[in-house]
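In what follows, chains are A, B, ... by sequence order, proteins preceding strands, each numbered from 1.
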Amino acid sequence: MSDATFRPATEETPLARRILIGLAVTGLLILVFAPLVAVFVEALRDGIMASLESLASRDAWAAIKLTLTIAAISVPLNAIFGVAAAWFITKFDFRGKAFLITLIDLPFSVSPVVAGLCIVLTFGANSAMGAWLVDNGYPIVFAMPGIILATMFVTFPFVARELIPVMIEQGRAEEEAALTLGAGGWRVFWTVTLPNIRWALLYGVLLCNARAMGEFGAVAVVSGKIRGETATIPTTIEMLYQEYLSVAAFTLAAVLALLALVTLVLKTLLELRHADQLAATHRH
Amino acid sequence: MHIEIDEISKQFGATAALHPVSLAIPSGALVALLGPSGSGKTTLLRILGGLEYPTSGRVLFDGQDATGLTVQQRRAGFVFQSYALFRHMTVFDNIAYGLNARPRATRPQKAEIARRVTKLLDLIQLPDIGARYPSQLSGGQRQRVALARALAIEPRMLLLDEPFGALDAKVRKELRQGLRDIHDTTGLTTVFVTHDQDEAMELADVVVVMSMGRIEQIGKPQDIRARPATPFVREFISA
């Protein structure tokens, strides 16, 4: 009786709470944890040596190197573009702002396969520009530049989307204060804007990185999936799986999952190290 | 510094935030821009500080045309409505910001910066809070830190946007006297924006009453009380 009487208005009954928590945990187990475990179990089915052997193959190694290179190039570029776009949108008033925000979201609504096809049509050997580029020794499609373009297109919204709400909430007053104190534009950006958005930026970059390494559709169309040359980790996994090489396929999948886990661990470490600053700035 | 506002107007798209207004502020005066929201008082203050450019008209500092000066060149100590302290910096670093932002040639030595920040912390009577972050301060402390930060650049004038707006009534009264003292010590020409007629009348030497982007009356507090120039002023100050 008294329990129910003094329960805060926003709190559920103990039974409802247990059911809700139970549902969430079950969902997490089925949707996230079980598949992750399955990947590692399948990868290690013939023992660790068999897995390591499959990784030692030239093609697997080339795929890992390619994926890491693609991420290392496209993530920093998208971080810069994302910061620039978010800064422009939140600190200035101009016509067509709503349109620009829609444009930033476009990659979310366009299927990655369609995005890949667009790049093939624009830069492929059948277009005038593509033919000229190939003739001059700069092929885009079925080569690294095409994969980078496709990856950047698909991952473009992550950083900007993460930053825009944070920067809107923070407003322009701190930047204006810095300007009245005599700071120039660059100084204001480095000493005021960037420190205020660094955690949102970190989240955006991590999401962007995870997606960049995992992108399949657009990259599959653009890269041509040439083994040892333009096949990335995800496209290689698919090819190995189609050929019933499941140990090799799942081992590579486990590597991709581990790369994602590493970024999560990095994030957590950074948060622990800067916990006091986080508390002071009320920002995560 | 003597400030002269000569036929300043400001359009935001189709709406006029300021119709041409003119105003002379003598050197060393403490002036209140008083009016309801939407009266154009904050726009006028931001134009003085160089955060907004006028659509037409001129601003003169000591007789020199300052209309084209950038916000950095104005050297106006600006206190923002919600103070806009840098939330990721300590109070010390907040106050030192303007000195650190100077070009290398005119930037004081580290020890000199520390000396000046300490002096300013003494001036605002909060000598021990240098290591704290803004989120760890009370509203009144934040306002005083914002004031110290603005004073650190050795400004030519002090501009304050609703400096007491975010404070409760008791702190507000104390800090009024604090601002008056700082004005009298530094002798800086000071302009503050407020919608509170008590505050304007009690604190300012000269009150400028504004409404709908126009100046309704300029005068000493007692003169405005005794002889309101327009029906708007009469109604506003009796409210």
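The contact between B/Phe80 and chain A is made entirely by side chain atoms (from C-beta outward), counting heavy-atom distances below 4.5 Å. In this structure, the portion of B/Arg46 lying under 4.5 Å from any heavy atom of chain A is its side chain and not its backbone. With a 4.5 Å cut-off on non-hydrogen atoms, B/Leu85 touches chain A through its backbone but not through its side chain.
Scanning all heavy atoms of the two residues, the minimum distance from A/Leu181 to B/Ala101 falls at O-CB, 4.3 Å.
Here the CD atom belonging to A/Glu175 is positioned 8.5 Å from the CZ atom belonging to B/Phe86, to the nearest 0.5 angstrom. For the atom pair OH of B/Tyr97 and CZ of A/Arg187, the computed distance is 5.5 Å after rounding to the nearest 0.5 Å. Separating the OG1 atom in A/Thr180 from the CD1 atom in B/Ile153 is a distance of 6.0 Å, to the nearest 0.5 Å. Interatomic distance, A/Ile197 CD1 to B/His88 NE2, rounded to the nearest 0.5 Å: 11.0 Å. Here the straight-line distance linking atom CZ of B/Phe12 with atom CG of A/Asp93 works out to 9.5 Å at 0.5 Å rounding. Between the CD atom in A/Glu176 and the CG atom in B/Asp161 there is a gap of 10.0 Å [rounded to 0.5 Å].
Within 6.0 Å of atom CZ in B/Arg107, more than 12 heavy atoms from other residues, nucleotides or ligands are found, so the atom counts as buried in its surroundings. Applying the 6.0 Å contact sphere to CE of B/Met1 captures more than 12 heavy atoms from other residues, nucleotides or ligands. For CZ of A/Phe99, the number of neighbouring non-hydrogen atoms (other residues, nucleotides, ligands) closer than 6.0 Å is 12 at most. Counting heavy-atom neighbours within 6.0 Å of A/Phe108 CZ, excluding the residue itself, gives a total above 12. Counting heavy atoms of neighbouring residues, nucleotides and ligands inside a 6.0 Å radius, atom CD of B/Glu112 exceeds 12 of them. Counting non-hydrogen atoms of other residues, nucleotides and ligands closer than 6.0 Å to CZ of A/Phe189 gives a total above 12. The number of heavy-atom neighbours closer than 6.0 Å to NZ of A/Lys97, taken from other residues, nucleotides and ligands shown, is above 12.
Between the B/Gln72 side chain and the A/Ala183 main chain, a donor and an acceptor come within less than 3.5 Å of each other.
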